[in-house]
> 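Take this structure, written in structure tokens, and hold onto it; I'll ask about it next.
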Amino acid sequence: MTGPNAVTFRKVNKWYGRLHVLKDIDLTVAEGERLVLCGPSGSGKSTLVYCVNGLEEYQSGDVVVHGVRVSEDDGTADEVRPSIGMVFQQFNLFPHMTVLDNCTLAPTKVLGAARSEARDVALAALERVHIADQAEKFPSQLSGGQQQRAAIARALAMKPRLILFDEPTSALDPEMVKEVLDTMVGLADDGITMICVTHEMGFAKRVADRIVMMERGEIVADAPPSRFFDRDQGNSRVKAFLDQIL
Amino acid sequence: MVSSTGRAFAESRPSLPARAASWIWHNLFGTLLNTALTLLAGLLVYRIVASGLDWLVFRATVAPAEIRTCIDNGGACWAFLQDKWRLILFGMFPYDEQWRAALALAVFGGLVITSCVPAAWATAERRRWMTALWIVGAGILGVLMLGGLGLRQVEIRLWSGLPLTVMLASVGMFLAFFLALGLALGRRSRLPVIRWICVVYIELIRGVPLISLLFMANFLLPIVMPAGMTVPNLLRAQVAFVLFFAAYMAETIRGGLQAIPEGQYRAAKALGLGYWHSMAYVILPQALRTVIPSLVNIFIGGFKDTSLVVVISMLDLLGTANSAKADTRWLGLFMEAYFFIAMIYLAVCASMSWYSRWLERRLAAGERR
């Protein structure tokens, strides 16, 4: 937790039209840190994550990733994206490609890896999420949990320094949530920087170094799990939120 | 009747004639209305088939025969077609060299059929082979049609009939497709200038009938061109076709692009794929797949619309059929010529439509399986 910063938000503001979705966000995530973002829906947590790899633009302030200020206009967003993995709520696998091709596309086209090398890396990534045996199948032939693990493998195949998760288990049937969470716990143990938007408080308790809670575009709590889940804490908003979801 | 197990049921299954009889009874004569409709439709089919066969076969006349015999017999005058089929197929292409045009059609047909086999494009190595095959094929086609390498020169203005139709359609659709890709992407561009150019182009072209575009290409282009520069007739028509069909295909492709969920764009972007990479590997393969039926529809329409070049006095398949009926020896006959070219159009269009349905099923199977 004392390493250099992977991600720094400085006075970041974002509006959708007149809707102020991010208000003066200040946040740092250290290299190797595992951060869980939570909060009621519409609080701006997904938007915050999208600002890290430039899928969403922000109107003022700075988002700095690995020392580079992320901005679509300067083209710096393109620069940092290959080092940032992203896992979406809806998986967003490419349906016309096999799982393996999903995992080798970006390494070959973006990093310029040779096909055979990209294949080895992709198979290793699929092995790590325990679906190497599904490599030649198309996404639609997999269960939801397997698809999300394939999406994680696709992110891992780029050998990212940081992985963003945007509600990775929200679109899954309950019986598949566990296999995806277990995969994510495995990644957390490997020491990769993680920013994870999730409502899975059990997961947060288990792997997070810090839990950040947002409400209406503002950060209202930022604490390690031990303090965050402390029933006697003074933060009424966290209490209200936890009462609602637990 | 009622069996307790599937096996017993299979054994007690009625014989084929019995099942057929039952099917006919239930589907064709179940109710009074059904029976009436069946009889009516049957009568109609019988009348059409009978009179069709009468004209095509029973009262038809084959060579050697003269027009008088044909008229006396009252059926189709195949003797007329037997005399004129080479004129209809190859038009003004020098008679002794028409084997070259026929061979060119065969070579082109072979290339197209080979390209229609998905396995031919399955690996990078095969794709290179296919590209090489097409380059060599195009060279052979050029030599066959134009001459050279010991073959007599044939002027482009003599190209007519089926080779002209096929060329106008295939080259036209091929080039129009790539122009359409550019227009479709441009129409969704983030740069307003590019977007507006594409919108204006598409709307302008779509607002004008093809026939007037052909006239413009034919009469305006030579005026606009610098003095002393002549553009062959064929090229003018070709350009008009490309411009016209590109606008329609562009709108179809745009529809396909819009059908791709936002998440696909985001996932490609998040992986670091740039605009062109995302388009080439993620978005377009999916978008084009969804619009195959509509694209084939445009191909089919385009193939038939090439016959409009008769208005700028070019002899495509329809034009040569028209010139066949001008022969004084067969004056008054035309049905046979039109029937002949109709069959050619039908064969080509039906193949395209069959192929697109097959391709759709196959692609769908690839994703689900």
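Note on naming: letters A, B, ... go to the chains in the order of the sequence lines (proteins, then strands), and numbering restarts at 1 for each one.
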> Counting heavy atoms not belonging to W358(B), are there more than 12 under 6.0 Å from its CH2?
yes
> Are side-chain N/O atoms of R357(B) and S353(B) paired as donor and acceptor at under 3.5 Å?
yes
> Please check this pair: side chain of R126(B) against backbone of A120(B), looking for a donor-acceptor N/O pair closer than 3.5 Å.
no
> Would you find a donor on one side and an acceptor on the other, under 3.5 Å apart, between the side chain of Y201(B) and the backbone of L183(B)?
no
> Would a distance-only check, ignoring hydrogens and angles, find a side-chain to backbone donor-acceptor pair under 3.5 Å from R149(A) to V129(A)?
yes
> Sub-3.5 Å donor-acceptor pair from the side chain of H20(A) to the main-chain atoms of L22(A), do we have one?
yes
> Under 4.5 Å heavy-atom distance to chain B, tell me which part of F94(A) shows up: side chain, backbone, both or neither.
both
> List, one per line, each side-chain donor-acceptor pair under 3.5 Å for residues 163-177 of chain B, sequence neighbours excluded.
from	atom 1	to	atom 2	distance (Å)
T165(B)	OG1	G161(B)	O	3.4
T165(B)	OG1	L317(B)	N	3.0
S170(B)	OG	V166(B)	O	2.6

> I need the residue from L93(A), D78(A), N53(A) with the largest number of non-hydrogen atom pairs under 4.5 Å to chain B.
L93(A)
> For Y50(A), is it the side chain, the backbone, both or neither that has a heavy atom under 4.5 Å from a heavy atom of chain B?
side chain
> Are there residues of residues 150-175 of chain A that reach to under 4.5 Å of chain B by heavy atoms, and which ones?
R154(A), M158(A)
> So which heavy atom on Y281(B) is nearest to which on M97(A), and how close?
O-CE, 3.2 Å
> Under the rule for side-chain contact (heavy atoms from CB on, under 4.5 Å), what residues qualify as partners of E127(A), not counting sequence neighbours?
A132(A)
> Considering only heavy atoms, give the residues of residues 99-119 of chain A separated from chain B by less than 4.5 Å, sorted numerically, with 'none' for an empty result.
L105(A), A106(A), K109(A), V110(A)
> Is the shortest side-chain N to carboxylate O distance from R254(B) to E251(B) below 4.0 Å?
yes
> Quick one: what part of I84(A) sits under 4.5 Å from any heavy atom of chain B, side chain, backbone, both or neither?
backbone
> Please answer whether the main-chain N or O of E179(A) pairs with a side-chain N or O of T183(A) as donor and acceptor at a distance below 3.5 Å.
yes
